[in-house]
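Following: one structure in structure tokens, then a few remarks.
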Amino acid sequence: MKLLVTGGAGFIGSAVVRQAIRDGHEVVNVDALTYAACLDNVAEVAEAPGYAFEQADIRDRAALDRIFAAHAPDAVMHLAAESHVDRSIDGPGTFIETNVMGTFHLLEAARAYWQEKGRPESFRFHHISTDEVYGSLGPDPETDGQFTEDTPYDPRSPYSASKASSDHLVRAWHETYGLPVVLTNCSNNYGPFHFPEKLVPVVILRALAGAPIPVYGKGENVRDWLYVEDHADALLTVVQRGEIGRSYNIGGENEAQNIELVRTICAILDEKRPGNAAYAEQIAFVDDRPGHDLRYAIDPTRISEELGWRPSVTLEQGLEKTVQWYLDNEDWWRALQDREGVGQRLGKAG
């Protein structure tokens, strides 16, 4: 397939681009190259004969029309988004502009292209979203369950509200105009090339720097952790074999409290790069962020039973691979340290 991937220089998008090229697909990478994007993320495939890069903002309809006409993709994989909850608390307008209006313009460009091509049944618009649209679960997995594809939407942050809005737009374009869409909602990703403002890279880099490792509240918030390369594999499975109009929840089947995750990373660092003291001694509990959801957990039954996909690594295996990657790629993350917001406490508004 020829895949048009939006946000392909970002964390998850670049994993999709790299995997798609390895799998023999052609890729058109469309990215505005905002603060969290980095072309080094796709350097290993940049010279591949099936790879093309277009710097464009998904809010720019004219640019999108030109890109569709020039490259004639078989499918769109829409990953471009503002994604950091803390940033959405401080500046929600950017999230509405990119995640809602950007998705609208991309849908309209895709619809116009699809109609001009005679509405091919093989075309796909794959919208990639988050489990945060479902809100928050209670603390007990036995009694409070997991998110399924039928869980009602209940977003709690400007970020999750903007993603919920984009999900609704995609479904509406399918129901109203017949655009062939598939949707996925994923749990928390981690792995190589993770921009250094999210929890896992923050823990690794603060530990290595000998700085306090911040943990919100008491660290009791629970997330289901999904290794990014497993996620990329799942997304490519869905875009090729997912049922039109259907959504699929993608989870890592790895629930953990934040404090457990942080201590696990510290223990891995103790083994791989021992310091003068245990890294866990650097943990510092800080004021929680506003509206911090207690627990997310994905039920991946549908994608497992219908498409045969399961995650390939455990949380411990994935974290060990991730820590090793950051130890081996210091030049990559050091080059990002001066980008806006990195190393700062965000999300205190309210």
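Heavy atoms only: backbone and side chains are in, while hydrogens, waters and symmetry mates are out.
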Examine Y248 and L235 and state if one hydrophobic cluster contains both, with Ile, Leu, Val, Met, Phe, Trp and Tyr joined whenever side-chain heavy atoms are less than 4.5 Å apart. yes

Any chance you could lay out the side-chain hydrogen bond (donor to acceptor under 3.5 Å, both in side chains) test for D86 and Y216, step after step, and finish with the verdict? CA-CA 12 Å; D86 288 359; Y216 286 154; 2.4 Å; yes

Tell me whether K321 at atom NZ has more than 12 heavy atoms from other residues, nucleotides or ligands lying less than 6.0 Å away. no

Closest contact, heavy atoms only, D299 versus N249: O-CB, 3.9 Å

Any donor and acceptor pair, going by atom type alone, linking the side chain of N254 with main-chain N or O of G252 inside 3.5 Å? yes

Atom NZ of K163 and atom OH of Y153: how far apart are they, to the nearest 0.5 Å? 10.0 Å

Does the E305 side chain pair with the main chain of R302, one donor and one acceptor, at a distance under 3.5 Å? no

Flag yes if L208 and I265 sit in one hydrophobic cluster, no otherwise; membership is Ile, Leu, Val, Met, Phe, Trp, Tyr, and two members link when side-chain heavy atoms are under 4.5 Å apart. yes

Taking R223 first and then E132, would you say they form a salt bridge - that is, a charged N and a carboxylate O separated by under 4.0 Å? no

Checking R22 against Q19: is there a side-chain donor and acceptor pair closer than 3.5 Å? yes

Could you walk me through whether H78 and T103 satisfy the side-chain hydrogen bond (donor to acceptor under 3.5 Å, both in side chains) test, starting with their C-alpha distance in whole Å, then the side-chain angles of each, then the deciding distance to 0.1 Å, before giving a yes or no? CA-CA 8 Å; H78 177 33; T103 299; 3.0 Å; yes

Stepwise side-chain hydrogen bond (donor to acceptor under 3.5 Å, both in side chains) test for N189 and Y227: CA-CA 6 Å; N189 280 226; Y227 191 58; over 6 Å; no

For residues A72 and K2, report the shortest heavy-atom separation together with the two atoms involved. O-CD, 3.8 Å

On the 0 to 90° scale, with breaks at 30° and 60°, tag the F147-Y296 ring pair as parallel, tilted or perpendicular. tilted

I need the S129 OG to D167 CG distance, nearest 0.5 Å. 3.5 Å

Any side-chain heavy-atom pair from L319 and L261 closer than 4.5 angstrom? yes

If you round to the nearest 0.5 Å, how far is CD1 of I298 from CG of D224? 6.5 Å

Could you state the interatomic distance from CG (D230) to OG (S312), rounded to the nearest 0.5 Å? 3.5 Å

Kindly say whether G138 contributes a backbone atom to a donor-acceptor pair with the side chain of R295 at under 3.5 angstrom? yes

With a 4.5 Å cut-off on side-chain heavy atoms, are T322 and V200 touching? yes

Closer than 3.5 angstrom, by distance alone: can the side chain of N99 be matched with the main-chain N or O of E82 as a donor-acceptor pair? yes

Do the side chain of W114 and the main chain of P120 share a donor and acceptor less than 3.5 angstrom apart? yes

Can you measure from CG (N185) to CD1 (I303) and round to the nearest 0.5 angstrom? 11.0 Å

What pairs of residues pass the side-chain hydrogen bond (donor to acceptor under 3.5 Å, both in side chains) test when at least one of them lies in residues 263-286, not counting sequence neighbours? K272-Q324

Pairwise side-chain contact, L236 with M77, heavy-atom cut-off 4.5 Å (strictly under): yes

Sort and list the pairs that fulfil salt bridge (charged side-chain N to carboxylate O under 4.0 Å, His left out) and have at least one residue in residues 105-131, not counting sequence neighbours. E108-R111

Hey, do the aromatic rings of H194 and Y326 have their centres closer than 6.0 Å? no

Has D328 got more than 12 heavy atoms of other residues, nucleotides or ligands less than 6.0 Å from its CG? yes

Y113: ring-ring contact (aromatic ring centres under 6.0 Å, His included) partners, not counting sequence neighbours: F68, F123

K198 and S83: CA distance, side-chain angles, deciding distance, side-chain contact (heavy atoms from CB on, under 4.5 Å) verdict: CA-CA 10 Å; K198 301 294 183 75; S83 66; 3.4 Å; yes

Short question: side chain of K218, backbone of I259 - any donor-acceptor pair under 3.5 Å? no

Heavy-atom closest pair, residues I268 and E316: CD1-O, 4.5 Å

Any donor-acceptor N/O pair, H174 side chain to L179 backbone, under 3.5 Å: yes

Check the pair R66, E54 against salt bridge (Lys or Arg N to Asp or Glu O under 4.0 Å), reporting the backbone distance first and the verdict last. CA-CA 10 Å; R66 177 188 62 78; E54 293 275 6; 3.0 Å; yes

Would you check, one step at a time, whether the test side-chain hydrogen bond (donor to acceptor under 3.5 Å, both in side chains) holds for S166 with H127? CA-CA 9 Å; S166 65; H127 179 62; 3.1 Å; yes

Is there a side-chain contact (heavy atoms from CB on, under 4.5 Å) between V5 and D31? Walk through the geometry before answering. CA-CA 8 Å; V5 179; D31 200 295; over 6 Å; no

Do the non-hydrogen side-chain atoms of N258 and V222 ever get within less than 4.5 Å of each other? no

What are the two closest non-hydrogen atoms of A9 and N41, and how far apart are they? O-ND2, 3.0 Å

Test salt bridge (Lys or Arg N to Asp or Glu O under 4.0 Å) applied to E253 and R310, step by step: CA-CA 9 Å; E253 300 182 70; R310 292 288 299 275; 2.8 Å; yes

Using side-chain contact (heavy atoms from CB on, under 4.5 Å), reason through T314 and W225 one step at a time and then give a plain yes or no. CA-CA 9 Å; T314 65; W225 292 93; over 6 Å; no

Could you tell me if the side chain of I250 sits less than 4.5 Å from the side chain of P300, heavy atoms only? no

Centroid-to-centroid, W325 to W332, below 6.0 Å? yes

So CZ of R171 and OG1 of T176: to nearest 0.5 Å the spacing works out to 13.5 Å

Would you name the heavy atoms of S160 and P155 that are closest together and state the gap between them? OG-CB, 3.4 Å

Would you call V76 and L106 a side-chain contact if the rule is heavy atoms closer than 4.5 Å? yes

So does A161 get a backbone contact from the side chain of S165, meaning a donor-acceptor N/O pair under 3.5 Å? yes

Do R61 and D65 meet the salt-bridge criterion of a basic N to acidic O distance under 4.0 Å? yes

Can you check whether L169 reaches W173 side chain to side chain, under 4.5 Å on heavy atoms? yes

Do any N or O atoms from the side chain of N29 and from the backbone of G8 form a donor-acceptor pair under 3.5 angstrom? yes

With V17, the side-chain contact (heavy atoms from CB on, under 4.5 Å) member among L3, L79, V45: V45

Sub-4.5 Å side-chain heavy-atom contact between T130 and V133: yes

If you take the centroid of each ring, where Trp contributes its six-membered ring, are F193 and F11 closer together than 6.0 Å? no

Closest non-hydrogen atom pair, G145 against L137: O-CD1, 3.6 Å

Short side-chain to backbone donor-acceptor contact, R339 and Y35, under 3.5 Å: yes

